[in-house]
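A short write-up of the structure that comes next.
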Amino acid sequence: MVNQILAALLLVGSATALFPDCVKGPMSNNTVCDTTKSPRERAEAFVKLLTLQEKVSLTGNTSPEIERLGLPKYEWWSEGLHGVAQGNPGITFADFGKEFGHATSFPMPITMGAAFDDEMITEVFKVVGMEARAFNNANRGGLDYWTPNVNPFRDPRWGRGQEVAGEDPFHIGSYVKALVLGLQGQNEDQYKRTIATCKHFTAYDVENWHGMERYEFDAKVSIQDLAEYHAPSFQACAREANVSAFMCTYNAVNGIPTCADSHLLDTILRKHWKWEAEEQWVTSDCDSVQTIFAPHGYAHNPEEAVAAALNAGVDVNCGIYYQMHLEKAIAQGLTTVEKLDRAVVRQYSSLIRLGYFDPADKQPYRALGWSDVDTKEARDLAYKAAVSGIALLKNDDILPLKLKKGMSVAVVGEWGNATKQMQGNYLGRPAYLISPLMAFEKEPGITVNYAFGCGGGADPRTDEWAPALEAARNSDIIIYFGGIDNEQEAEAKDRNSIGWTPSQKDFMQHLASLGKPMVVAQMGGGSVDSAFIRDDSRIGGLLWGGYPGQSGGQALVDIMLGRVAPAGRLTTTQYPEEYAKQVSMLDMGMRPSKTNPGRTYMWYSGTPTYPYGFGLHYTNFSASVSLDTKTSSNTFDIGKLIAACDSYSPKLNWLDLCPFASLKVDVTNDGKTTSDYSALAFVSGEYGPLPRPHKKLVSYARLHDVAPGKAKSAELKLTLNSLSRVDEQGRRILYPGKYKIAIDTTPELAEVEFVLEGDEVVLDYYPIAPSEDETAPVIEMERVQQIMEL
């Protein structure tokens with residue numbers, strides 16, 4: 001039977017969107033087609049129609065057609081990290097120039113996150129979801145999207161850091177709530193727009209570093225760091241965003257591959273976080289079920305590997321390992337048909353929530369078509385997302401550029417005519433890609449002198465230097481576009497260095513020596529130490545652009561010319577170059593130690609080149625802040641705060657989400673340029689045990705178009721979680737002590753202080769794993785010890 005399943009899979013094409021016929025088809029009289037029943041009832045009825053072999057065939061990412069039931073083939077794997085993407089089996093673009101030959105390509109999350117604008121994120125992913133539905137209706141895409149990536153950017157060398165919103169877990173959690181709302185729609189909607197998938201659960205942030213590949217890495221993480229740093233973004237996915245799917249990882253955590261870890265996938269995810277709806281399912285990463293056997297060696301053989309994953313709660317296997325080995329595993333008593341049924345019910349309950357079995361005329365999403373892809377509104381939003389995330393890091397009164405007719409600009413560097421580079425990874429095919437060169441060449445009355453110049457990466461050659469230096473000599477202003485791209489940072493590719501290459505530095509210094517006004521645009525997702533640019537008075541300006549998407553070149557040029565004022569903020573710490581030599585990427589510790597200077601802005605013990613949250617403007621802002629509570633006192637009794645939580649309606653499921661207060665932030669534009677402003681609120685103070693973090697982000701909001709001499713206000717919500725810390729046992733605790741909340745960073749614009757009195761209170765806890773995982777195959781303890789030592 002395995003050979004028959006594999007043969008069927010070979011016949012499955014990449015198009016996916018045919019629907020079951022619930023009017024005249026074989027299942028039309030079955031409960032699965034009865035729209036008056038619940039998704040669980042309908043899915044359970046469907047599963048009862050299946051043979052064992054058919055159930056097994058549906059557990060891979062590619063589910064073949066079951067002709068006797070009129071069930072079409074279906075592809076569970078589609079990608080939409082920042083737009084409907086190519087390079088995955090779920091999505092098929094038509095030839096360029098034809099209908100469904102392109103889709104909107106937004107900036108990468110590292111750039112969109114720098115906007116600190118959750119409302120914009122919701123709108124972006126609403127567009128992604130609508131375009132995904134249009135592709136689905138044209139039989140060119142699935143309904144399940146394996147996005148977002150919510151692993152925090154722990155180490156600046158991580159190749160996939162560009163896929164996430166930054167290094168701060170609160171920020172990622174807030175970002176993902178906005179994203180899931182856009183991609184899926186409201187929880188109470190009858191039909192979901194699409195399915196979102198939070199990945200990679202958990203502690204996944206090593207690709208291939210000095211030969212240690214993600215497939216074999218065993219992340220040794222303390223309970224404290226798991227609870228405090230790695231869990232919050234996933235917790236937000238499950239508890240607050242109510243995301244429909246999770247993805248486990250290639251790596252192991254503390255000796256157990258995550259896809260075989262029932263404590264992680266059941267005790268924590270489903271039970272503790274109450275992620276228990278029938279339509280919520282877990283997928284493996286692609287072939288990470290196989291890695292349970294090899295290379296992890298956690299299971300003795302393939303049958304034990306698939307049993308461990310299914311028992312732990314992995315419902316979909318990206319790959320064919322389930323389809324190859326589950327029947328044998330059931331026959332050997334390693335897992336059960338009931339657990340297989342549970343997985344298939346979860347899968348098809350989610351398709352029912354998407355309207356997969358329902359009449360098209362009752363579903364607004366089934367009416368979407370090509371006219372709903374790449375609309376003017378989507379193009380405008382892609383541009384807005386790009387300009388909103390670009391950050392100004394240095395400005396010695398050179399920006400905005402004061403260009404006049406007849407002047408000339410040198411556009412040089414490996415990103416100067418970048419098009420596809422602007423998209424980053426998991427990219428789609430947009431209608432257009434605008435490079436910086438293209439944008440400058442559209443400017444009337446301006447001469448543009450372009451040359452490639454210095455190559456990126458470790459390319460030491462000077463072959464292209466002469467034309468670039470000549471272009472610079474013949475120009476009034478020099479702009480260098482450079483940094484890193486997917487040649488240096490990508491999936492399966494981590495970096496070793498976090499500095500500009502020696503040839504890039506040398507080339508920029510040659511340009512600076514010409515004595516012309518000069519600006520650098522630093523591109524790419526991972527941190528690159530720009531201290532030498534910051535400290536070189538010959539270089540007047542520095543912008544960070546990340547991966548700004550289809551309109552990225554236009555966005556960069558419009559900011560340089562002052563048509564739009566920059567208001568982006570760095571979402572990662574820009575470390576000194578020597579940081580990469582001070583700590584192993586495999587050291588998962590967050591706090592400073594003898595072998596680790598500490599990670600992220602919360603714990604780094606050195607002086608960053610540019611701190612987290614940094615971003616200049618073309619104007620000056622001032623701010624005031626007040627704590628909006630029911631009392632005029634700035635002293636609060638912890639016991640009374642906890643008691644007040646019982647009065648909230650609807651009843652709170654988690655004490656840490658209990659509201660504390662609102663921060664009223666008034667921001668005034670004291671300069672001459674209209675500009676957005678992102679108000680970031682950080683808490684710090686003397687509370688809880690040592691060591692204490694420098695500060696942590698607890699709330700933020702973006703104010704739009706603050707005019708000169710005018711003020712706008714933001715209301716920032718705080719919960720008890722905002723004030724809490726996590727102890728060594730993974731307990732989230734509200735401590736008595738002195739607290740300060742400051743607005744902005746370097747410098748702080750305003751602050752408010754208050755005191756909490758009384759006894760400390762545990763708000764939440766991170767369940768600690770039992771000594772043995774009862775759902776995993778039994779492996780002798782001596783062998784477990786050997787694996788952990790390796």
Side-chain angles (χ1 to χ4, degrees), residues 168-171 173-174 223-225 227-229 231-232 235-236 239-240 590-591 600-603 613 623-648 651-665 679-701 714-745 748-766:
D168 183 85
F170 169 79
H171 177 212
S174 188
I223 294 297
Q224 186 174 36
D225 286 342
E228 180 181 63
Y229 190 69
Q235 180 175 276
R239 298 194 323 182
E240 293 129 271
M590 299 301 298
R591 289 158 174 75
T600 77
Y601 74 94
M602 290 177 279
W603 296 104
S624 62
V625 60
S626 59
L627 201 60
D628 184 13
T629 65
K630 296 178 181 179
T631 173
S632 59
S633 172
N634 273 12
T635 298
F636 303 91
D637 181 86
I638 291 176
K640 292 181 180 179
L641 291 175
I642 299 299
C645 297
D646 290 335
S647 64
Y648 287 98
K651 183 175 173 60
L652 297 166
N653 288 321
W654 295 278
L655 189 57
D656 59 302
L657 296 183
C658 180
F660 167 63
S662 295
L663 281 175
K664 186 174 184 296
V665 182
L680 310 185
F682 295 91
V683 66
S684 61
E686 299 176 7
Y687 57 96
L690 296 173
R692 297 183 179 118
H694 302 305
K695 60 182 180 179
K696 70 171 184 177
L697 184 70
V698 291
S699 194
Y700 61 85
E715 184 179 2
L716 305 183
K717 302 291 187 180
L718 301 179
T719 65
L720 297 186
N721 181 72
S722 307
L723 312 180
S724 67
R725 287 185 56 198
V726 175
D727 71 3
E728 292 181 352
Q729 286 75 47
R731 299 178 304 170
R732 186 166 290 281
I733 298 175
L734 186 64
Y735 289 103
K738 297 179 181 178
Y739 292 73
K740 182 182 84 170
I741 295 180
I743 303 300
D744 216 328
T745 181
E748 297 173 353
L749 295 189
E751 65 181 49
V752 61
E753 295 182 344
F754 56 94
V755 174
L756 297 188
E757 294 181 337
D759 297 329
E760 64 186 55
V761 172
V762 176
L763 302 176
D764 192 18
Y765 67 96
Y766 191 83

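Hydrogens, waters and symmetry mates play no part in the numbers below; they use all other heavy atoms, side chains included.
Partners of Tyr229 according to the ring pair (Phe, Tyr, Trp, His ring centres under 6.0 Å) rule, which considers only residues two or more places apart in sequence or in another chain, do not exist here. The salt bridge (charged side-chain N to carboxylate O under 4.0 Å, His left out) test applied to Glu748 returns Lys740, not counting sequence neighbours. Applying the ring pair (Phe, Tyr, Trp, His ring centres under 6.0 Å) test to Phe660 and every residue at least two apart in sequence or in another chain returns Phe636, Phe754. Listed by chain and residue number, Lys177 satisfy the salt bridge (charged side-chain N to carboxylate O under 4.0 Å, His left out) test with Glu240 (two or more places apart in sequence, or in another chain). Annotation: ring pair (Phe, Tyr, Trp, His ring centres under 6.0 Å) contacts of Tyr765 (sequence neighbours excluded): His272. Evaluation of the salt bridge (charged side-chain N to carboxylate O under 4.0 Å, His left out) rule for Arg591 yields Asp225, Glu228 as partners, not counting sequence neighbours. Taking the salt bridge (charged side-chain N to carboxylate O under 4.0 Å, His left out) definition, one finds that Lys717 meets it with Glu715, sequence neighbours left out. When the side-chain contact (heavy atoms from CB on, under 4.5 Å) test is applied to Ala681, the partners found at least two apart in sequence or on another chain are Leu663, Val698, Ser699, Leu716, Ile741, Ile743.
Atom CG of Leu627 sits about 8.5 Å away from atom OG of Ser662, to the nearest 0.5 Å. The CG atom of Leu763 lies 5.5 Å from the CD1 atom of Ile642; values are rounded to the nearest 0.5 Å. Separation of atoms CG (Leu749) and CG (Leu680) is listed at 10.0 Å; rounding is to 0.5 Å.
No donor-acceptor distance shorter than 3.5 angstrom exists from the side chain of Tyr700 to the backbone of Phe682, with no hydrogens or angles considered. Side-chain atoms of Arg239 do not come within 3.5 Å of backbone N or O of Asn653 as any donor-acceptor pair. A donor-acceptor pair is defined here as one N or O able to donate and one able to accept, closer than 3.5 Å; such a pair exists between the side chain of Ser647 and the backbone of Ala644.
For residues 726-737, the pairs satisfying side-chain hydrogen bond (donor to acceptor under 3.5 Å, both in side chains) are Asn721-Arg732, Ser724-Arg732, Asp727-Arg731, with sequence neighbours left out. Evaluation of the salt bridge (charged side-chain N to carboxylate O under 4.0 Å, His left out) test over residues 632-643, restricted to residues two or more places apart or in two chains, returns none. Screening residues 753-763 for salt bridge (charged side-chain N to carboxylate O under 4.0 Å, His left out), with sequence neighbours left out, gives no hits. For residues 682-698, no pair satisfies salt bridge (charged side-chain N to carboxylate O under 4.0 Å, His left out), with sequence neighbours left out.
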